[in-house]
Number of protein chains: 2
Amino acid sequence: MSTQPDTYTRILEAARDLIYASSYADVGVQAICEKAEVKKGSFYHFFPSKQELTLAVIDNYYEGLKDSILREAFSASLSPAERFQKLFELTIARQELIHQQTGHVLGCPFGNLATELATSDEAIRCKIEGLFGRLQELMRETLVEAVAREKIEDLDIDATAEGMFAYFEGVMLLAKTKNDPAVLRKLLPATAQLRIHNIN
Amino acid sequence: MSTQPDTYTRILEAARDLIYASSYADVGVQAICEKAEVKKGSFYHFFPSKQELTLAVIDNYYEGLKDSILREAFSASLSPAERFQKLFELTIARQELIHQQTGHVLGCPFGNLATELATSDEAIRCKIEGLFGRLQELMRETLVEAVAREKIEDLDIDATAEGMFAYFEGVMLLAKTKNDPAVLRKLLPATAQLRIHNIN
DNA sequence: CCTTGACTTGACCAATCGGTCAACTATACT
DNA sequence: AGTATAGTTGACCGATTGGTCAAGTCAAGG
């Protein structure tokens with residue numbers, strides 16, 4: 001049996017898991033403390049507010065993503081097409097695992113938070129906007145490399161990268177709404193075929 | 001000056017506007033009552049719970065959509081391509097108006113609610129899933145008519161309709177997260193170009 | 001040994017949450 | 001006129017919300 005992580009980490013991970021499984025507003029500080037086995041006083045020793053905790057949760061989630069799915073998918077050893085394919089595979093596998101464990105497709109944690117809080121918490125919206133920019137940039141770089149290998153006439157690379165990202169998020173939202181991971185299998189791979197052309 | 005609508009309607013519309021502008025959890029029954037100029041006792045005379053009210057709000061929103069954007073876009077007098085174009089135009093115009101009035105892109109009211117509540121309120125998730133199905137069906141019919149006019153080789157019509165809908169939702173989510181209606185101008189029209197092909 | 005500072009604890013706060021209820025008013029039908 | 005019914009009102013409920021705080025524990029450093 002492994003020793004428990006330190007208090008800060010327990011709070012962070014409890015909050016991350018609870019919020020991802022439901023929503024920001026639905027998860028109280030009390031519930032986070034219970035799951036983390038921490039008293040509320042300790043919570044506020046490490047985090048000045050629930051909002052600050054959430055900002056840290058977003059960072060933590062992105063770091064986790066970078067060290068797993070993103071690292072594996074956007075590996076230099078893969079061709080652009082293989083990178084996209086790997087990204088879809090890993091995303092589908094993860095969502096299927098979560099669905100099997102929780103009974104729900106949870107979708108994209110950033111998209112979830114952004115949808116809920118974009119209009120009422122500007123700090124969180126900005127943080128996720130920046131993060132979306134980085135993910136979009138990953139798509140763009142992959143796309144640039146793909147085009148370098150095989151020229152595509154009149155392709156608007158920036159718009160296509162943004163469109164691919166939007167499509168990806170939309171498919172996650174649809175799978176969550178239908179609570180059906182099969183949606184991902186059917187739709188996600190088409191992300192790589194999406195093209196937006198320059199107006200002439 | 002127009003006379004006020006009846007109590008039921010005032011509650012429904014107040015709730016619709018408040019929830020759309022922020023989120024389900026963020027809007028309390030009290031706030032709804034204040035905006036509707038109704039006492040809490042009256043609220044519970046018309047609606048047994050906040051959840052039931054929300055189900056009615058979803059219906060109300062869909063009816064409104066059917067009588068405005070959907071009716072105008074999916075008119076029998078328009079060609080399939082024109083229908084898509086009209087849908088994008090009207091959607092962009094509405095989101096731009098909302099952005100101008102509130103300072104925020106609010107996105108899709110159904111997508112917003114689904115994202116927030118899909119995992120914690122099965123009744124609401126089901127209602128939105130059904131509604132998504134109807135919207136997706138509109139896309140499918142339009143697509144079928146387009147293909148009848150101009151055959152597209154190996155097109156998976158069902159998957160493409162579902163993909164178009166997902167893309168549409170994803171673009172709305174992205175515009176909301178970036179709080180920038182220009183995202184819609186750049187990305188929404190590409191919905192009509194999206195294609196998912198049969199595997200051979 | 002004693003102090004310092006990080007951490008923990010549990011009691012506590014005002015405010016708000018969704019929801020209830022008995023009493024009251026106004027309208028409509030017999 | 002009398003009664004039934006729909007709608008309104010404001011006080012009230014227990015539970016929970018995010019957040020505070022004084023008092024305490026504990027290990028490290030002088």
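Throughout, a chain's letter reflects where its sequence line sits, starting with A, and its residues are numbered from 1. All of these numbers come straight from a predicted model, not from anything done at the bench.
Between B:Asp6 atom CG and D:dA6 atom P the separation is 15 Å, expressed in whole Å. Taking atom NZ of residue A:Lys50 and atom P of nucleotide D:dT20, one finds them 15 Å apart after rounding to whole Å. Rounded to an integer number of Å, the gap from OH of B:Tyr44 to C1' of D:dC12 is 14 Å. Here the P atom of nucleotide D:dG10 and the NZ atom of B:Lys39 are 4 Å apart, to the nearest Å.
A tilted orientation is assigned to the rings of A:Tyr167 and B:Tyr167, their planes being inclined by 30° to 60°. Relative orientation of the A:Phe132 and A:Phe110 rings is perpendicular, given thresholds of 30° and 60° on the angle between their planes.
Relative to the ring axis of A:Phe43, A:Lys50 does not place its NZ or CZ within 45° and under 6.0 Å from the centre.
Side-chain contact annotation: A:Ser68 with A:Arg94, donor-acceptor N/O pair under 3.5 Å present. B:Gln100 and B:Glu96 share no donor-acceptor pair across their side chains, judged by distance under 3.5 Å alone.
The CG atom of B:Leu173 sits 8.5 Å away from atom CG of B:Asn112, with the distance rounded to the nearest 0.5 Å.
Residues A:Ala31 and A:Pro48 both approach DNA chain D. Their nearest nucleotides, taken by heavy-atom distance, put A:Ala31 toward the 5′ side. Residue order along DNA chain C, read from the 5' end via each residue's closest nucleotide, puts A:Gly41 first among A:Gly41 and B:Phe43. Of the two residues near DNA chain D, A:Ser42 and A:Gln30, the one whose nearest nucleotide lies more 5' is A:Gln30.
Phosphate contact (OP1/OP2 of D:dT8, side-chain N/O of B:Thr7, threshold under 4.0 Å): present.
Mapping heavy-atom proximity under 4.0 Å, the span of DNA chain C touched by chain B runs 5' to 3' from C:dC17 to C:dC21.
Residue A:Phe46 is in sugar-phosphate contact alone, with no base atom involved, counting any heavy-atom pair closer than 4.0 Å across all strands shown.
Within 3.5 Å, a donor on the side chain of A:Lys40 pairs with an acceptor on the base of D:dG19, or the reverse.
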